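Comments concern the structure below.
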Amino acid sequence: MNKFLFLIFSFQLFITQIYTEQCELTLNDETQLTFNTFLQAKKFCSSTSLPTKNTRRIILTGRLVDYTTRCKRSITDANIEIIHIQSDLRSVCHELHHPDSRGYYTLSTSVTIPSTEQLFLRITSPGYETVLKEIIIPSSEKRQKNIILKWQIALTPSQEQIETYQQQQGRMDSTIDDLMSKMTLEEKIGQLNLVTVGFDVTGPIVSENVDENIRLGRIGGVFNTFTPKAVRPLQELAMNHTRLRIPLIFGYDVIHGHRTIFPISLGMSTTWDMASIETSARIAAQEATADGLNWVFSPMVDIARDARWGRISEGAGEDPWLGSQIAAAMIRGYQGSDLTQSNTAMACVKHFALYGGGEAGRDYNTVDMSRITMYQYFLAPYRAAIDAGAGSVMTSFNEVDSVPASANRWLLQDLLREQWKFNGFVVTDYTSINEMVDHGIGDLQEVSARALDAGVDMDMVGEGFLRTLNKSYSEGKIKEQIINQACRRILEAKYKLGLFDDPYRYCDDSRPDTDIFTNENRLAARDFARRSFVLLKTDRKTLPLARSNLKIALIGPLSDDHRNLIGSWSAAGDWRQSVSVREGINKLVGNQTQILYAKGSNLVEDEYMLKQLNAHGGEIELDQRTPEQMIAEAVEISTRSDVIVAVVGESQGMTGEAASRVDIGLPECQKRLLKALFDTGKPVVIVLMNGRPMTLTWEQEHAAAILETWFAGTEAGNAIADVLFGYYNPAGKLTTTFPQHVGQIPLYYNHKNTGRPFNASQFTDKYKSRYLDIPNEPLYPFGYGLSYTTFNFSSINVDKTELHGDSDRLTVRVLIRNTGAYSGEEVIQLYISDPAASVTRAVRELKNFKKIYLRSQQSEEISFVITTEDLKFYNTNLDYVWEEGDFIIHVGPDSVNTQSIRVKWLK
Ligand code: BGC
């Protein structure tokens with residue numbers, strides 16, 4: 001009982017000068033409300049008001065937490081109002097329904113002077129007692145124009161809610177107890193079996209006899225089948241033809257959108273925009289659940305430092321802190337606050353764990369990593385997803401500490417369930433159990449028993465559980481209680497999804513028409529796409545392109561392409577519905593500019609590569625003309641044009657699963673084309689489409705501008721046109737380091753210093769950690785990305801340089817000025833270094849960021865509050881601690897170009 005009645009209230013005051021502009025965004029000073037801002041405006045601000053002369057702005061930022069589920073959890077659905085009691089005040093209430101990526105709510109109000117010392121904060125959240133808190137503003141602080149109030153409140157569930165919660169829990173337990181008391185061992189094992197059938201093939205084998213096995217109660221879930229029309233008959237088999245009428249769960253790889261496809265996950269991460277990321281998952285869940293599904297195999301949160309690995313495209317990059325924010329935002333988006341709603345889906349965090357750490361970037365390869373490295377750099381995003389309430393976890397193909405993840409008891413039991421308090425269910429990846437035979441830890445019976453015993457609840461496709469668990473049980477190799485436990489977790493998931501109340505909850509035939517591929521969703525896709533683009537180079541004259549009286553040579557194998565735009569994990573997306581760059585440009589400026597088109601080269605010509613890509617849906621057709629003829633045509637139109645836009649890159653199949661590459665440059669045929677284009681002397685804007693960091697040193701040298709657009713999804717062409725012509729000023733920032741040479745890999749910003757760090761200014765130093773042939777530096781560092789405008793960062797200002805104890809706070813301020821001619825957004829990044837600790841630390845680590853919008857010549861002071869939480873790391877005992885000493889705080893537009901200041905923080 002007491003666990004429900006835990007109330008903590010801490011309240012601190014911070015004062016700073018800040019100015020926020022919440023509900024307005026202009027582009028190139030032509031007012032254009034973007035879809036996302038529009039959503040935010042609708043959702044986040046019940047009213048807006050910019051401060052008038054005599055007002056003070058009060059910003060409240062804080063977190064609502066709940067201790068009901070043993071671990072601390074942010075509350076994601078609340079109404080928070082600031083109430084002004086005095087009648088002389090202009091009363092402005094702001095309501096919030098979503099916290100930011102860190103679980104923080106921010107709201108602001110304007111108070112007319114003379115102001116009051118007293119305001120009230122009223123918080124209501126479904127299931128919790130309403131909290132009314134008085135806020136006293138000390139009079140000494142009254143003269144400040146802007147005030148930040150920071151708080152953390154643990155909400156107490158109301159007695160009624162506790163009872164409801166207990167009743168719900170009780171109802172779930174008794175439904176499942178009752179059901180399980182009637183189940184045979186075979187039926188329980190059947191629940192642990194997940195099969196694939198239907199529209200998509202996502203692994204090496206597919207399931208057979210699915211209908212019959214459903215009837216026999218030998219299947220608990222199905223994936224790769226969607227649409228109410230296809231799902232319903234399978235659910236009917238379970239409901240009408242099995243002894244106990246247990247509904248099936250329906251899963252699918254909904255990775256970056258379902259039918260409306262958003263940028264690939266790596267692209268979504270480069271938005272550094274948690275509201276967009278959360279909304280993208282929300283829309284994906286809306287579409288997926290309208291399409292018969294209730295379980296999505298996402299988010300993939302594997303940290304990746306190796307650009308050779310094709311699946312780097314599926315994750316959020318190399319940083320554990322940013323990866324954690326993104327993981328939590330995705331879970332919130334998919335699951336919402338109520339899984340029984342017919343438009344929310346259960347998320348599945350994958351691939352647990354360390355899948356991104358495979359040797360040499362080869363997919364499915366061995367992972368060998370120290371415990372401390374796991375904790376320090378790789379585990380955080382999985383943990384963040386669990387803390388955000390993820391309903392399920394998928395194991396990874398690789399081994400962890402020499403035991404494959406799917407049989408790793410330390411991983412699935414000690415870490416996941418005991419330390420992290422995960423209470424959902426664990427599914428394997430595709431045939432992972434069977435693959436443990438090849439890993440070399442036993443035959444199918446042995447590995448199946450080990451997987452179950454380690455904590456796996458559901459077996460994806462391989463049917464190892466189905467075929468061997470009964471035998472293992474009768475031979476006394478596994479206990480019934482473990483089968484019961486796994487079965488219970490699957491049934492609980494179905495219960496949480498409301499399937500026992502209505503197994504056809506996600507089979508509403510009318511929803512596809514209203515919820516899928518709507519105009520609104522396409523608008524969102526366009527907005528997320530342009531937010532994801534990273535301007536890697538600009539000569540500051542060529543881009544943005546003039547919107548009229550311009551002759552453009554649009555060239556390249558991807559410039560009029562549809563097939564590749566939606567990426568390789570594009571769920572139920574239909575590439576035929578995607579907008580090509582040629583179409584996007586034509587639509588936007590076609591009648592004011594002259595656009596000449598030539599393909600210029602094939603996407604790939606290398607036969608070895610072509611055969612493999614085309615064997616798996618590459619659909620790359622070689623042009624009938626010779627490469628020389630294609631280049632000649634491209635050169636000819638270029639010479640008649642003012643500017644060349646070259647759309648080049650990888651095909652979708654060159655990244656994603658089982659798509660590792662050792663050469664991560666552009667394919668040779670495209671390089672030959674680019675060379676010919678550079679030789680014309682015309683400015684060349686490279687528009688890149690690809691799913692990984694690439695080696696682009698030569699392109700960087702010669703191009704006038706380079707715009708990284710990843711695989712941008714259904715609306716790719718429209719979004720690219722928006723950015724090329726300045727309707728949106730690019731603001732994306734890299735979340736993976738781009739190497740100069742593939743030989744530098746693994747290359748990541750948060751590396752260690754080593755005992756012999758190389759200082760580039762001492763070029764001939766020999767006994768240093770370096771290469772003889774190229775510098776250590778990347779081509780583009782983590783956090784990097786340019787804009788059409790320029791931003792100036794003042795030097796860092798801190799409120800103290802010596803701090804004491806756990807509760808001290810350091811406020812870091814920096815003034816950002818938009819010094820260029822365009823409005824734009826900047827991501828202000830905060831890194832911390834800990835130059836002397838009991839274990840070696842990374843040279844710097846990202847700890848926070850803010851993305852702001854500034855008009856030309858506008859300035860804004862940004863502040864970050866650093867607490868000892870930000871100083872913590874894992875020591876050799878794997879305790880998460882901070883140690884006293886010096887710390888260096890860095891602030892900047894990327895991980896390299898930072899301003900720094902040193903402070904001392906003592907115990
Ligand atoms: C992938 C998973 C995916 C699963 C189901 C596997 O091959 O590794 O990411 O969710 O297939 O399609």
Side-chain angles (χ1 to χ4, degrees), residues 265-266 269 298-328 330-331 348-388 390 393-406 408 410-417 419-420 422 426 429 432 692-693 735-737 745-752 782 839-847 872-880 895:
S265 310
L266 186 60
S269 76
S298 176
M300 156 160 152
V301 303
D302 305 317
I303 295 292
R305 295 169 163 181
D306 195 325
R308 292 170 297 184
W309 189 46
R311 301 197 83 170
I312 201 167
S313 61
E314 285 182 59
E318 69 193 37
D319 184 65
W321 185 88
L322 186 65
S324 300
Q325 314 306 308
I326 292 174
M330 296 286 287
I331 300 293
C348 186
V349 189
K350 67 191 192 184
H351 306 84
F352 195 59
L354 318 179
Y355 184 32
E359 285 176 358
R362 220 176 63 210
D363 212 354
Y364 319 123
N365 207 1
T366 308
V367 173
D368 189 8
M369 158 183 324
S370 68
R371 276 285 156 93
I372 196 166
T373 296
M374 294 180 200
Y375 274 86
Q376 218 90 273
Y377 305 108
F378 284 79
L379 293 177
Y382 306 107
R383 171 81 195 258
I386 304 300
D387 284 352
V393 167
M394 187 186 294
T395 62
S396 56
F397 291 119
N398 54 282
E399 64 181 57
V400 173
D401 268 348
S402 296
V403 179
S406 300
N408 196 312
W410 170 77
L411 189 70
L412 302 181
Q413 194 57 41
D414 302 359
L415 183 69
L416 183 64
R417 296 212 181 264
Q419 288 183 37
W420 294 358
F422 173 64
V426 174
D429 202 347
S432 286
R692 54 156 57 82
T735 54
T736 45
T737 302
I745 291 174
L747 190 67
Y748 46 95
Y749 87 94
N750 50 351
H751 61 86
K752 302 286 183 75
F782 175 86
V839 297
T840 58
R841 306 285 315 275
V843 287
R844 57 182 58 190
E845 290 177 0
L846 181 73
K847 292 294 169 189
K872 286 186 177 171
F873 61 96
Y874 290 94
N875 65 16
T876 43
N877 300 324
L878 300 179
D879 297 324
Y880 194 52
S895 60

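Predicted model, so just to flag it, every value in this text is computed and none were measured. FYI, the numbering just counts along the sequence from 1.
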Has D319 got a side-chain atom pairing as donor or acceptor with W321's backbone, closer than 3.5 angstrom? yes
Using the side chain to side chain contact (heavy atoms under 4.5 Å, CB included) rule, take Y355 and V301 through it: C-alpha gap first, then chi angles, then the decisive distance, then the call. CA-CA 9 Å; Y355 184 32; V301 303; over 6 Å; no
Taken in chain and number order and not counting sequence neighbours, the residues that satisfy side chain to side chain contact (heavy atoms under 4.5 Å, CB included) with T735 are L266, S269, T270, W272, L322, F782
Set of residues satisfying salt bridge (charged side-chain N to carboxylate O under 4.0 Å, His left out) with respect to R308, sequence neighbours excluded: D306
So do the side chains of R383 and Y375 get within less than 4.5 Å of each other, counting heavy atoms only? no
Considering residues at least two apart in sequence or located in another chain, which fulfil the side chain to side chain contact (heavy atoms under 4.5 Å, CB included) criterion with S432? T395, F397, S406, T428, D429
Could I get the full list of side chain to side chain contact (heavy atoms under 4.5 Å, CB included) partners for S370, not counting sequence neighbours? I372, T373
Closest approach of A384 to A328 (non-hydrogen atoms, all atoms of both residues): O-CB, 4.3 Å
Side chain to side chain contact (heavy atoms under 4.5 Å, CB included) between V367 and M374, intermediate numbers included: CA-CA 11 Å; V367 173; M374 294 180 200; over 6 Å; no
Side-chain heavy atoms of L379 within contact of W420, under 4.5 Å: yes
Closest heavy-atom contact between A316 and I326? CB-CD1, 3.8 Å
For the CG atom of D302 and the NZ atom of K350, what is their distance to the nearest 0.5 Å? 9.0 Å
Calculate, to the nearest 0.5 Å, the distance between atoms OG and OH belonging to S895 and Y749 respectively. 7.5 Å
Return the minimal non-hydrogen interatomic distance between R417 and L412, and the atom names on each side. CG-O, 3.4 Å
Nearest heavy-atom pair of I386 and F422: which atoms, and what distance? CD1-CD1, 3.7 Å
What's the separation between atom OG in S313 and atom CE in M300, rounded to the nearest 0.5 Å? 7.0 Å
Partner set under side chain to side chain donor-acceptor pair (under 3.5 Å) for Y364, not counting sequence neighbours: E657
Considering all heavy atoms, the nearest A405-F352 contact: CB-O, 3.6 Å
Mind checking ring-ring contact (aromatic ring centres under 6.0 Å, His included) for F378 and listing every partner two or more places apart, or none if nothing turns up? none
Contacts of K872 meeting salt bridge (charged side-chain N to carboxylate O under 4.0 Å, His left out) (sequence neighbours excluded), chain-then-number -> E869
What closest approach, in Å, do I312 and A307 show between heavy atoms, and which atom pair accounts for it? CD1-CA, 3.9 Å
Residue list, ring-ring contact (aromatic ring centres under 6.0 Å, His included) with Y748, at least two apart or on another chain: none
From D387 CG over to Y382 OH, what is the distance, rounded to the nearest 0.5 angstrom? 15.0 Å
Counterpart residues, side chain to side chain donor-acceptor pair (under 3.5 Å), relative to S298 (two or more places apart): Y334
Can you measure from CG (D368) to CG (N398) and round to the nearest 0.5 angstrom? 11.0 Å
Distance in Å, E314 CD paired with R692 CZ, rounded so as to fall on 0.5 Å steps: 12.0 Å
Check side chain to side chain contact (heavy atoms under 4.5 Å, CB included) between N408 and all other residues, then give those that pass, not counting sequence neighbours. V400, V403, W410, L411
Go through the steps to decide whether E845 and F873 satisfy the test side chain to side chain contact (heavy atoms under 4.5 Å, CB included), and finish with yes or no. CA-CA 11 Å; E845 290 177 0; F873 61 96; 5.8 Å; no
Taking side chain to side chain donor-acceptor pair (under 3.5 Å) as the test, write out the residues that go with E318, two or more places apart. T737
Got a sec, which residues hit salt bridge (charged side-chain N to carboxylate O under 4.0 Å, His left out) with D401, two or more places apart in sequence or on another chain? R371
